[in-house]
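Here the structure is laid out as structure tokens; the discussion comes afterwards.
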2 protein chains.
Amino acid sequence: MPVPLYQAKAEFFRTLGHPARIRVLELLQDGPRPVRELLAEIDIEASSLSQQLAVLRRTQLVTATRDGNTVVYALSTPDVSELLRTARSILTDMITDQGLLLDQLRADTDADDGGRGADAARPSTDRTLLA
Amino acid sequence: MPVPLYQAKAEFFRTLGHPARIRVLELLQDGPRPVRELLAEIDIEASSLSQQLAVLRRTQLVTATRDGNTVVYALSTPDVSELLRTARSILTDMITDQGLLLDQLRADTDADDGGRGADAARPSTDRTLLA
DNA sequence: GCAGGACTTGAAGAATTGTTCATATTCATA
DNA sequence: TATGAATATGAACAATTCTTCAAGTCCTGC
């Protein structure tokens, strides 16, 4: 096995580790879209979106082609969809299985319960929630 | 708005975005293992591994159970394997399709380095595309 | 009870990544 | 050609994440 493959994998996943980038990939699952449309849906500054698109381009997850005045982005491989699907299923499993559900609820209502629920559900030594 | 689900996804992927953590998950695919063994295979300081394990625990990708003197880690869901498999296939596609091939070849020749090879081989700011 | 091994934790500084703002670039139209 | 819209880039600063090191907890065996 080639040595730094896990290194490449880590970089790859880091690429996905940003809400705007995830958003973009999800939107592109339905087909190519111009920046303008992405921008309309993603609530982020134009230049920030551009930066994130650049990251996706660098890692070749998306392709960009210019069409006159606008630039149209597309997924460079449909495998990405599959990856996102798997990720979602892991996530929803985790959310329903574990107490993270509570966080989700609490985030909506901003209740003030001392923050214990999800932690108590889990046996290991750790007491901080992800935030 | 269904609140930030894509946010959770991003966090989830970020969790995978570290070579040691990927390594751990890959090793755990073959079954539970004590820290000692992970440590033997991962070439990283004990406390650093511990920190990374803590990250994986927090996001509930792994579980830890104490067995006497040692702590045994395991994947908390087999879905993780599937995710890693999909990721690998995307990556290898990308590598063979695109010029990243070079990096891989180069990485193989200086075989025994812990990952700096790939790093050096690939300038992190790569602006070679946007055909 | 205490010594030592196996792990974990906390905290500080280093490194990486994200945001923002100002400026470029590219194209379309007047 | 000048203007303006759409997008990209660079650079400065803020925020997050990593590494390391010095303790800290748990357990086992003496």
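Order of the sequence lines fixes the chain letters, A, B, ..., with proteins taken first and strands second; residue numbering starts at 1 for each chain. Note that these values count all heavy atoms, side chains included, but never hydrogens, waters or copies made by symmetry.
In this structure, CZ on A/Arg88 lies 13.5 Å from CG on B/Asp79, to the nearest 0.5 angstrom.
A distance-only check finds no donor-acceptor pair linking the side chain of B/Ser48 to the backbone of B/Ile44 [under 3.5 Å]. The backbone N or O of B/Glu41 lies less than 3.5 Å from a partner atom in the side chain of B/Arg23, making a donor-acceptor pair. Side-chain atoms of B/Arg21 never come within 3.5 Å of backbone atoms of B/Leu53 as a donor-acceptor pair (strictly under, hydrogens ignored).
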Checklist entry - Taking protein heavy atoms under 4.0 Å as touching, what does nucleotides 19-30 of chain D look like 5' to 3' if B marks base contact, S marks sugar-phosphate-only contact and - marks none? => result SBB-----SS--
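In this structure, the CZ atom of B/Arg14 is 13 Å from the C1' atom of C/dT16, given to the nearest Å. The distance between atom OH of B/Tyr73 and atom P of C/dA6, rounded to the nearest whole Å, is 15 Å. Regarding A/Arg58, its CZ atom lies at a distance of 10 Å from the P atom of C/dG18, rounded to whole Å. Rounded to a whole Å, the CG atom of B/Asp43 is 18 Å from the P atom of D/dC18.
Counting heavy atoms from C-beta on, the side chains of A/Leu61 and A/Phe12 come closer than 4.5 Å. Proximity of B/His18 to A/Arg14: side-chain heavy atoms (C-beta onward) are nowhere separated by under 4.5 Å.
When all heavy atoms are compared, the tightest approach of A/Pro32 to A/Val72 is CB-CG1, 3.7 Å.
Residues from residues 31-41 of chain B placing a heavy atom under 4.0 Å of any atom in DNA chain C, listed by number, are B/Val35, B/Arg36.
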Item to check | From CA spacing to verdict: side chain to side chain donor-acceptor pair (under 3.5 Å), A/Gln29, A/Ser81 | outcome: CA-CA 6 Å; A/Gln29 285 184 98; A/Ser81 291; 3.2 Å; yes
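B/Ser50 comes within 4.0 angstrom of a base, heavy atoms only.
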